[in-house]
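Whatever order the structure lists them in is the order used to number ligands and atoms, beginning at 1. All figures in this text were calculated on a predicted structure; none of them were measured in a lab.
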Amino acid sequence: MDKEMLFSPAAIAARVKELGQTISADYQGRELLLVGILNGAFIFAADLARQITVPLKVDFVRAASYGQGSSTSGRVRLSKDVELPLAGRHVLLVEDIVDSGLTLARLRDLFLAREVASLRVCALIDKQQRRLVEVPVDYPGFLVERGFLVGYGLDYAEQYRQYPAIYRVREERLAK
Ligand code: IMP
Ligand code: MG
């Protein structure tokens, strides 16, 4: 596959460590419920959790956009819910990448309806300029302006998630 490296494993590790420190400071004295969004965030959530020093529980949801390819269809379905109760919990949603914002906006609504004590979002990659709906990203890892990314959990057609670095794929390779 024709690709260029955007973030090396060392750059990712350094940024994840910083995020963990910031989050740990913000949640001093509270217990956090880290909710990773499958599948893309599985690696990021695992690394981030290990950089957080406040008491922590971990759970996962799986959100899937209908359809395949490299751009969102705009319809989001929750195909796996959390197992732990959310009411009264300080929830941190952990996402791999926020693009149109549709996935995150839908998840936020679902979570807010369950009487969480607080809800914040940490996303490793924030493609701010591509938002179709406004949604807050409290802890953005890296801002990226353009392109389709793979690696460190991010896939193209379910492949390349295992790459330790993050790459931008040459766009002409992708079916839109
Ligand atoms: P959104 O709903 O458009 O914000 O898209 C969010 C989801 O689309 C993310 O959780 C990713 O799974 C996927 N996605 C968006 N951009 C990329 C990318 O550049 N590479 C891989 N997956 C992406
Ligand atoms: Mg995802």
*For ligand 1, note which part of Ile125 has a heavy atom under 4.0 Å away: side chain, backbone, both or neither.*
neither
*What's the shortest heavy-atom distance between Ala45 and Phe60, and which atoms?*
CB-CE2, 4.2 Å
*Does ligand 1 have an atom that lies less than 4.0 angstrom from a heavy atom of Gly101?*
yes
*ligand 1 versus Glu95: contacting region, heavy-atom distance under 4.0 Å*: side chain
_Need the ligand 1 atom indices (1-based, order shown) with element for anything under 4.0 Å from a heavy-atom of Lys127._
16 (N), 17 (C), 18 (C), 19 (O)
*asked:* Quick check on the 6.0 Å ring-centre criterion: do Phe142 and Phe7 meet it?
replied: yes
_Heavy-atom proximity to atom 7 (C) of ligand 1, best of Leu154, Thr103, Leu107_ = Thr103
_Tell me if the CD atom of Glu4 is crowded by more than 12 foreign heavy atoms within 6.0 Å._
yes
_Determine whether Phe44 and Val16 satisfy the following criterion, side-chain contact (heavy atoms from CB on, under 4.5 Å), listing intermediate values before the conclusion._
CA-CA 8 Å; Phe44 176 44; Val16 172; 3.8 Å; yes
*Among side-chain atoms of Tyr152 and Asp96, is any donor-acceptor pair under 3.5 angstrom?*
no
*ligand 1 contacted by Arg130 (non-hydrogen, < 4.0 Å)*: no
*For Lys80, does the NZ atom sit with more than 12 other heavy atoms under 6.0 Å from it, leaving out its own atoms?*
yes
*Compare Ile97, Ile166, Leu38 and give the one whose heavy atom is closest to atom 23 (C) of ligand 1.*
Ile97
*Asp96: numbered ligand 1 atoms lying under 4.0 Å from its heavy atoms*: 9 (C), 10 (O), 11 (C), 12 (O)
*May I ask whether Leu104 has any heavy atom positioned less than 4.0 angstrom from an atom of ligand 1?*
no
*Quick one: does NZ or CZ of Arg120 land under 6.0 Å from the six-membered ring centre of Tyr27, within 45 degrees of the ring axis?*
yes
_Close-contact set for ligand 1 against Ser100 heavy atoms, below 4.0 Å_ = 1 (P), 2 (O), 3 (O), 4 (O)
